[in-house]
Amino acid sequence: MTYWALNAWFLAVVAVIALLAVVRLDRRRANGSRSAGLTAGTWLLAVGGGLVVLLLMTALFDNIMIGIGLVGYDPALISGAFVGIAPLEDFAYAIAAAVLLPSLWVLLERRTPAPVSPSPSQEDPA
C-alpha cells in the first residue's frame with residue numbers, strides 16, 4: 001500500500017467528521033443559538049488559518065528531520081512529488097490534525113443546561 005492510499009483512508013474519515021462539524025454549526029445558527037458566536041464560516045476561516053501555519057511548520061521541520069536522517073521513506077511507496085526533500089504525502093498528517101482537532105472540538109462540545117428559575121416555594125422569604 002502506498003502512502004497516498006493510506007492517507008486517503010485517514011483523510012476521508014477526517015473529511016466526514018469535518019462535514020459533521022460544519023453541519024452542527026449551521027444547525028446551531030439556524031436554531032438561533034448564539035452561545036459561542038461561532039459560525040461555520042468563521043470556523044472554516046480559523047481552521048484554514050491554522051492549516052496554513054501548520055503546513056509551513058511541517059515543511060520546515062520535516063525537511064530538517066529528513067535531512068539529518070531521522071526519518072526516511074521507501075522510494076517505491078511515494079509519489080515522487082516533494083516540498084524540498086519532504087515527500088508531499090507527509091503533509092497529509094498535518095492536514096488531518098489541523099482539521100480533525102477543531103472538528104472534534106465542535107462535535108464534542110459540552111452542552112450546559114439552561115438556567116432553571118426558582119419556583120415560588122424555593123424563593124427566599126426575606
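Placement of Val83 and Ile66 in two distinct hydrophobic clusters is found when ILVMFWY residues are connected by side-chain heavy-atom separations under 4.5 Å, directly or transitively. Tracing side-chain contacts under 4.5 Å through hydrophobic residues (I, L, V, M, F, W, Y), one never reaches Trp43 starting from Leu54; they form parts of separate clusters. No path of Ile, Leu, Val, Met, Phe, Trp and Tyr side chains, each step under 4.5 Å between heavy atoms, connects Trp4 with Ile78, placing them in separate hydrophobic clusters.
Through side-chain heavy atoms spaced under 4.5 Å, either directly or across other Ile, Leu, Val, Met, Phe, Trp or Tyr residues, Leu60 is tied to Val53, Met57, Phe61, Ile64. Through side-chain heavy atoms spaced under 4.5 Å, either directly or across other Ile, Leu, Val, Met, Phe, Trp or Tyr residues, Leu56 is tied to Val52. Think of Trp105 as one node in a network of Ile, Leu, Val, Met, Phe, Trp and Tyr side chains linked at under 4.5 Å; it has no links at all.
Listed for the Thr42 side chain is no donor-acceptor partner under 3.5 Å among the backbone atoms of Leu38.
Smallest separation of non-hydrogen atoms from Pro102 and Ala97: CD-O, 4.1 Å. Here the closest heavy-atom approach between residue Ala94 and residue Leu51 is recorded as O-CD1, 4.2 Å. Residues Leu25 and Thr39 share a closest heavy-atom pair of CD1-O, 4.0 Å.
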For residues 67-76, tabulate all N or O donor-acceptor pairs below 3.5 Å that involve a side-chain atom, not counting sequence neighbours.
from	atom 1	to	atom 2	distance (Å)
Tyr73	OH	Asp90	OD1	2.6
Tyr73	OH	Asp90	OD2	3.0
Asp74	OD1	Ala76	N	3.1

Atom pairs and distances, side-chain donor-acceptor, residues 5-20, under 3.5 Å, sequence neighbours left out:
from	atom 1	to	atom 2	distance (Å)
Asn7	ND2	Tyr3	O	3.3
Asn7	ND2	Glu89	O	3.0

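Pairs passing the ring pair (Phe, Tyr, Trp, His ring centres under 6.0 Å) check and including a residue from residues 74-99, sequence neighbours excluded, do not occur.
The structure places CE of Met65 at 8.5 Å from OG1 of Thr58, a figure rounded to the nearest 0.5 Å.
Looking at residues two or more places apart in sequence or on another chain, you find a side chain to side chain contact (heavy atoms under 4.5 Å, CB included) between Arg27 and Val23. With sequence neighbours excluded, no residue forms a side chain to side chain donor-acceptor pair (under 3.5 Å) with Asp62.
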